[in-house]
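First comes the structure, then the notes that go with it.
Both backbone and side-chain heavy atoms feed into the values below; hydrogens, waters and symmetry mates do not. We count ligands from 1, going down the list as the structure has it; atoms in each ligand are counted the same way.
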Amino acid sequence: MENIKLSIDKAFGFVSNESVAAYEKQVAESNAKLHQGTGLGNDFLGWLNLPSSIDEAHLSDIEATAITLRDNCEVVVVVGIGGSYLGAKAVIDALSNSFDWLQTERKAPVVVYAGQNIGEDYLYELQQLLKTKKFGIVSISKSGTTTEPALAFRLLKTQLEQQQGKAAAQKLIVAITDKSRGALRTLATQEGYKTFVIEDTIGGRFSVLSPVGLLPIAVAGFDVRQLVSGALKMEQVCGQDTPFAENPAAQYAAVRNALYQSGKKIEILVNYHPKLHFVSEWWKQLFGESEGKDGKGIFPAAVDFTTDLHSMGQWIQDGERTIFETVITVKESNYTTVFPTSEDNLDGLNFLAGKRVDEVNKMAELGTMLAHLDGGVPNLKIELPKLNEYYLGQMIYFFEKACGISGYLLGVNPFDQPGVEAYKKNMFALLEKPGFEAETKAIKARL
Ligand code: PA5
């Protein structure tokens with residue numbers, strides 16, 4: 001079976017082969033720090049060997065819980081924010097029919113999301129929709145205290161209990177949280193919900209291969225065993241003993257740091273398949289929250305092509321030259337659509353007749369890459385042989401490993417997120433949360 005493939009040759013007009021190769025020693029040291037647990041944030045390395053440590057009983061438990069929800073729900077609401085929902089949404093969107101919500105003959109419930117914002121209209125509209133649906137809730141919060149999901153969960157739990165009765169509702173709620181701490185754990189114990197544990201050593205943005213990602217993905221009807229098996233393959237390929245030239249995570253970490261040092265401060269993740277939009281959102285969190293600290297870090301941005309070639313294309317081609325692109329390309333589409341011939345050819349498109357739509361997309365991709373290289377934008381490429389669970393699993397682990405190595409190359413702790421607390425403190429002060437009296441006084445004086 002093939003693996004996902006990284007190509008970095010289109011960076012070499014901008015940074016030299018030697019400057020990337022010069023990272024070899026540092027990359028090996030960073031990789032070793034991860035495996036030996038001697039680097040910063042070494043209490044958050046549970047993701048490193050996660051694919052090889054998931055056992056049969058755990059996977060069966062996830063699958064059995066997913067079946068219960070699938071058998072009893074038309075809609076399952078995944079409640080979570082940041083790392084507690086982005087991985088699941090990335091995989092589910094990438095594998096789902098693009099018009100999933102319009103499908104009438106369904107094999108799986110529709111998975112929708114809440115707790116990833118505090119939009120009153122969003123929550124109102126969701127609650128209206130759920131009034132006529134049999135729904136369940138997967139509530140995910142490692143800390144169990146995050147405001148956005150806690151607020152959404154209270155609303156939805158109340159609604160579910162009103163619609164189904166307390167006893168039935170209890171069977172339709174699953175909580176994924178810390179093994180002993182946090183309000184969600186307390187609530188789950190008291191209410192008797194089915195629960196899964198997020199290990200202390202796995203941070204939110206590295207948790208997609210834990211129940212945080214696997215349960216929602218299984219509920220949506222996808223093969224979590226294949227996902228884990230793809231990740232396991234990359235765990236092996238990107239291991240500590242793999243030589244630099246054969247280790248895609250090591251190479252990606254090296255080349256993006258070489259580009260960063262040469263002044264390329266922004267990395268744009270590019271896709272040519274709209275289903276991958278949320279893969280980019282997941283990737284943005286993974287790298288943004290891991291590297292953006294201590295006044296350092298590549299800014300992770302993303303575009304969906306060719307759509308955004310008609311909006312951001314101008315900036316990328318011609319704006320400030322501080323960017324590089326990493327293109328996720330899918331070698332083989334899952335379906336075939338051939339462009340038809342037209343007798344009168346009024347649209348002038350007969351030169352495309354007989355070609356697959358994907359061939360046109362691939363030429364757009366190639367043409368764009370060459371144009372952007374001419375415009376001064378280095379290009380990296382990650383090729384997935386196909387869009388399926390196995391290769392998405394490979395891609396997830398590849399990015400996680402590269403992120404850990406890259407963070408250590410940059411000299412930051414890739415596994416904390418101290419900056420996320422600042423807005424929470426202000427929000428609680430403004431909302432006059434008990435315990436925040438001094439902060440409330442201070443913030444009100446600023447207004
Ligand atoms: O990566 C992270 O740690 C964060 O994005 C968290 O996942 C996010 O803040 C949600 O936290 P929690 O799962 O504790 O509700």
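- Interface of G204 with ligand 1, defined as ligand atoms under 4.0 Å from a residue heavy atom, comprises 1 (O), 2 (C), 3 (O), 7 (O).
- No cation-pi contact links K264 to F324, judged by a cut-off of 6.0 Å to the six-membered ring centre and 45° from its axis.
- Residue R205 places at least one N or O, backbone or side chain, under 3.5 Å from an N or O of ligand 1.
- Both tests hold for K89 against F278: distance to the six-membered ring centre under 6.0 Å, angle to the ring axis within 45°.
- Residue Q417 has at least one heavy-atom neighbour below 4.0 Å for each of these atoms of ligand 1: 3 (O).
- Under a 4.0 angstrom heavy-atom cut-off, E148 registers as lying outside contact with ligand 1.
- Of the protein's non-hydrogen atoms, E289 OE1, 3.2 Å is the one closest to atom 2 (C) of ligand 1.
- Here Y252 and F398 bring their ring centres to under 6.0 angstrom of each other.
- Ion pair K179/D200 flagged as a salt bridge, since at least one NZ, NE, NH1 or NH2 atom sits closer than 4.0 Å to an Asp/Glu carboxylate oxygen.
- From the protein, the heavy atom lying nearest to atom 8 (C) of ligand 1 is I81 O, 3.5 Å.
- Rounded to the nearest 0.5 angstrom, M427 CE and K433 NZ are separated by 8.0 Å.
- Applying the 6.0 Å contact sphere to NZ of K424 captures more than 12 heavy atoms from other residues, nucleotides or ligands.
- If you number the atoms of ligand 1 from 1 as listed, the ones under 4.0 Å from a heavy atom of S143 come out as 12 (P), 14 (O), 15 (O).
- Looking only at protein heavy atoms, the nearest one to atom 15 (O) of ligand 1 is T146 OG1, 2.5 Å.
- Under a cutoff of 6.0 Å and an axis angle of 45°, K265 and F299 do not form a cation-pi pair.
- For G83, a nitrogen or oxygen atom sits less than 3.5 Å from a nitrogen or oxygen atom of ligand 1, counting backbone and side chain alike.
- Protein heavy atom in closest approach to atom 5 (O) of ligand 1: Q285 NE2, 2.5 Å.
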